[in-house]
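Below is one structure; the comments refer to it alone.
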Amino acid sequence: MISNPIIDSMINRKSIRKYTEEIPTDEVIHLVVRAGQQAPFASQLCSVLLTRKKGIPFGAPLLFTICVDLHRMELIMARGSWRIVTNDLSMLFFGIQDASLMAENMVTAAESLGMGSCFLGVAPYIADKIARKYKLPPRVFPLVQLVMGYPAENPPTRPRYPLRFSLFEDEYPRFSDDEVEQAMKQMDEGYLAQNYYSKGKIMIKLERGREETYTYDNYSWTEHISRKWGQWYESPAELLEQLSKRGFKVFFQEKEITEPEE
Ligand SMILES: Cc1cc2nc3c(=O)[nH]c(=O)nc-3n(C[C@H](O)[C@H](O)[C@H](O)COP(=O)(O)O)c2cc1C
């Protein structure tokens, strides 16, 4: 098996949800963000907010908020009397690509410096609140948050789909029932063996009068993730409102799609 320190660190990474009180030095923080910056970019459409106050989730010393940032691009373009005409949906996609790559580079850099981290996904839904807290100019949209610090726990690495359920060479396959079930089994048995949901008392409540039939003996990843995407965020209105408040015009227009004529 090929092995090297970077691969080992990436394969062994896991989200950390307990931290020591040790505060990373400025040098360490700047190194993490600098390594993050060196991720490939479409247009450097991202910036990072940092808070080191107390009260950060999981007792972490650092909270980064990685933002899609069109503001700085507008400042630069205005110098040459340019303005962005590219639609905001496209800019948002490019910004999400840039910000995601930067964020993950920060995760890997943190690992290499003996730290751990955990993403928090709520930012887009509380974008306006975050914007007021950090006095964000328009056209900056908080995409994802990342807590970071020195780990006070060492959980096992979490399961992933089998590689054959994730990597498709030349052609996307048609999955057999067996392949789908194998993938589900790998995830569910992996999480059950770690008592992940029972330890954390994590179980998404069933809505709309659905009757609970699961216990922590069989509640695992595929049921958990199905409950999320089978019950939450049916309407895009909440997210569109947050985007609109931040100056992103991502219209949602229900248009009748006409079938092309034969
Ligand atoms: C975009 C994103 C949002 C996430 N949001 C949360 C969150 O709000 N709370 C949390 O505890 N973990 C969150 N996570 C961490 C995931 O739960 C975690 O990465 C996943 O369960 C796999 O576990 P691992 O990172 O330990 O391999 C998030 C991860 C990502 C990439």
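Residue indices begin at 1 and follow the sequence shown.
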Only counting residues at least two apart or in another chain, list the ones meeting side-chain hydrogen bond (donor to acceptor under 3.5 Å, both in side chains) with Arg13.
none
hydrophobic_cluster_shared for Leu192 and Met187, side chain cutoff 4.5 Å:
no
Using the rule that Ile, Leu, Val, Met, Phe, Trp and Tyr join whenever any side-chain heavy atoms are under 4.5 Å apart, tell me whether Val68 and Leu240 fall into a single cluster.
yes
Can you run down the salt bridge (Lys or Arg N to Asp or Glu O under 4.0 Å) pairs that involve residues 198-226, sequence neighbours left out, and say none if there aren't any?
Arg208-Glu234, Glu212-Arg227, Glu223-Arg227
Just say parallel, tilted or perpendicular for the rings of Trp221 and Tyr191, cut-offs at 30° and 60°.
parallel
Show the nearest heavy-atom pair for residues Val147 and Pro57, with the distance to one decimal.
CG1-O, 4.1 Å
Please tabulate, one pair per line, all N/O donor-acceptor pairs under 3.5 Å involving side-chain atoms of residues 151-173, not counting sequence neighbours.
{"residue": "Glu153", "atom": "OE2", "partner": "Arg17", "partner atom": "N", "Å": "2.6"}
{"residue": "Asn154", "atom": "OD1", "partner": "Lys14", "partner atom": "NZ", "Å": "2.8"}
{"residue": "Arg158", "atom": "NH1", "partner": "Gln194", "partner atom": "OE1", "Å": "2.6"}

List in chain and number order the residues that pass salt bridge (Lys or Arg N to Asp or Glu O under 4.0 Å) with Glu179, two or more places apart in sequence or in another chain; answer none if no residue qualifies.
none
Applying side chain to side chain contact (heavy atoms under 4.5 Å, CB included), can you list everything that pairs with Ser117, at least two apart in sequence or on another chain?
Val107, Leu146, Met148
Acceptor/donor pairs from residues 24-32 side chains to any protein atom, 3.5 angstrom cut, sequence neighbours excluded:
{"residue": "Thr25", "atom": "OG1", "partner": "Val28", "partner atom": "N", "Å": "3.1"}
{"residue": "Asp26", "atom": "OD1", "partner": "Arg52", "partner atom": "NH1", "Å": "2.7"}
{"residue": "Asp26", "atom": "OD1", "partner": "Arg52", "partner atom": "NH2", "Å": "3.0"}

Inspect the surroundings of CG in Leu206 and state if more than 12 heavy atoms from other residues, nucleotides or ligands are less than 6.0 Å away.
yes
Only distances under 3.5 Å count here; give the side-chain donor-acceptor pairs of residues 126-133 to other protein atoms, sequence neighbours excluded, each with its distance to 0.1 Å.
{"residue": "Asp128", "atom": "OD2", "partner": "Arg132", "partner atom": "NH2", "Å": "3.1"}

For Glu181, is there an ion pair with Lys185 - N to carboxylate O distance below 4.0 angstrom?
no
Taking every heavy atom of Tyr19 against every heavy atom of Gly59, the minimum-distance pair comes out as CB-O, 3.6 Å
Between Asn218 and Tyr214 (side chain of the first, backbone of the second, donor and acceptor by atom type, cut-off under 3.5 Å), is there such a pair?
no
Taking only residues two or more places apart in sequence or in another chain, which ones pass side-chain hydrogen bond (donor to acceptor under 3.5 Å, both in side chains) with His71?
none
Do Leu143 and Cys46 make a side-chain contact, defined as non-hydrogen atoms from C-beta onward lying under 4.5 Å apart?
no
What heavy-atom pair brings Ile66 and Ala103 nearest, and what distance separates the two atoms?
CD1-CB, 3.9 Å
Taking only residues two or more places apart in sequence or in another chain, which ones pass side-chain hydrogen bond (donor to acceptor under 3.5 Å, both in side chains) with Thr65?
Gln145
Side-chain contact test, heavy atoms from C-beta onward, threshold under 4.5 Å: evaluate it for Leu243 versus Phe141 and give yes or no.
yes
Find the distance between CG (Leu75) and CG (Leu70) and round it off to the nearest 0.5 Å.
11.0 Å
What is the distance from atom NZ of Lys228 to atom CD of Gln231, rounded to the nearest 0.5 Å?
12.0 Å
Is a donor on one side and an acceptor on the other found under 3.5 Å between the side chain of Tyr125 and the backbone of Gln242?
no
Close side-chain approach of Leu136 to Leu49, heavy-atom, < 4.5 Å:
yes
Output the distance between atom CG (Leu113) and atom OG1 (Thr108), rounded to the nearest 0.5 Å.
11.0 Å
Got a donor-acceptor contact below 3.5 angstrom from the Asn4 side chain to the Ile7 backbone?
yes
May I ask you to test the Met203-Tyr197 pair for a side-chain heavy-atom distance under 4.5 Å?
no
Indicate the atoms forming the closest heavy-atom contact of Phe248 with Val140, along with that distance.
CE1-N, 4.0 Å
Only pairs under 3.5 Å count here: list side-chain donor-acceptor contacts from residues 79-95, not counting sequence neighbours, and write none if there are none.
{"residue": "Asn87", "atom": "OD1", "partner": "Leu89", "partner atom": "N", "Å": "3.0"}
{"residue": "Asn87", "atom": "OD1", "partner": "Ser90", "partner atom": "N", "Å": "2.7"}
{"residue": "Asn87", "atom": "OD1", "partner": "Ser90", "partner atom": "OG", "Å": "3.3"}
{"residue": "Asn87", "atom": "ND2", "partner": "Ser90", "partner atom": "OG", "Å": "2.9"}
{"residue": "Asp88", "atom": "OD1", "partner": "Arg139", "partner atom": "NH1", "Å": "3.1"}
{"residue": "Asp88", "atom": "OD1", "partner": "Arg139", "partner atom": "NH2", "Å": "3.3"}
{"residue": "Asp88", "atom": "OD2", "partner": "Arg139", "partner atom": "NH1", "Å": "2.7"}
{"residue": "Asp88", "atom": "OD2", "partner": "Lys249", "partner atom": "N", "Å": "2.7"}

Within the 4.5 Å heavy-atom criterion, are Ile56 and Leu62 side-chain neighbours or not?
no
Would you name the heavy atoms of Tyr219 and Ile202 that are closest together and state the gap between them?
CE2-O, 3.4 Å
Using the side chain to side chain contact (heavy atoms under 4.5 Å, CB included) criterion, which residues pair with Ser43? Sequence neighbours excluded.
Leu45, Met73, Asp98
What do you reckon, is CG of Asn195 surrounded by more than 12 foreign heavy atoms closer than 6.0 Å?
yes
Check for me, please, whether Val180 and Trp229 land in the same ILVMFWY cluster - side-chain distances under 4.5 Å, paths through other members count.
yes
Among side-chain atoms of Gln38 and Arg34, is any donor-acceptor pair under 3.5 angstrom?
yes
If two hydrophobic side chains count as joined below 4.5 Å and joins carry through other members, does Leu63 share a cluster with Val122?
yes
Give a yes or no on whether Met115 and Val33 share a hydrophobic cluster (residues Ile, Leu, Val, Met, Phe, Trp, Tyr; joining criterion: side-chain heavy atoms under 4.5 Å apart).
yes
Value rounded to 0.5 Å, distance of CZ in Phe119 from CZ in Phe64:
11.0 Å
Name all residues meeting the side-chain hydrogen bond (donor to acceptor under 3.5 Å, both in side chains) criterion together with Tyr134; count only those two or more places apart in sequence or in a different chain, and write none if there are none.
Thr51
Heavy-atom neighbours of Met77 CE exceed 12 at 6.0 Å
yes
Over all heavy atoms of both residues, which pair between Asn105 and Ala35 is shortest? Give the atoms and the distance, please.
ND2-O, 2.9 Å
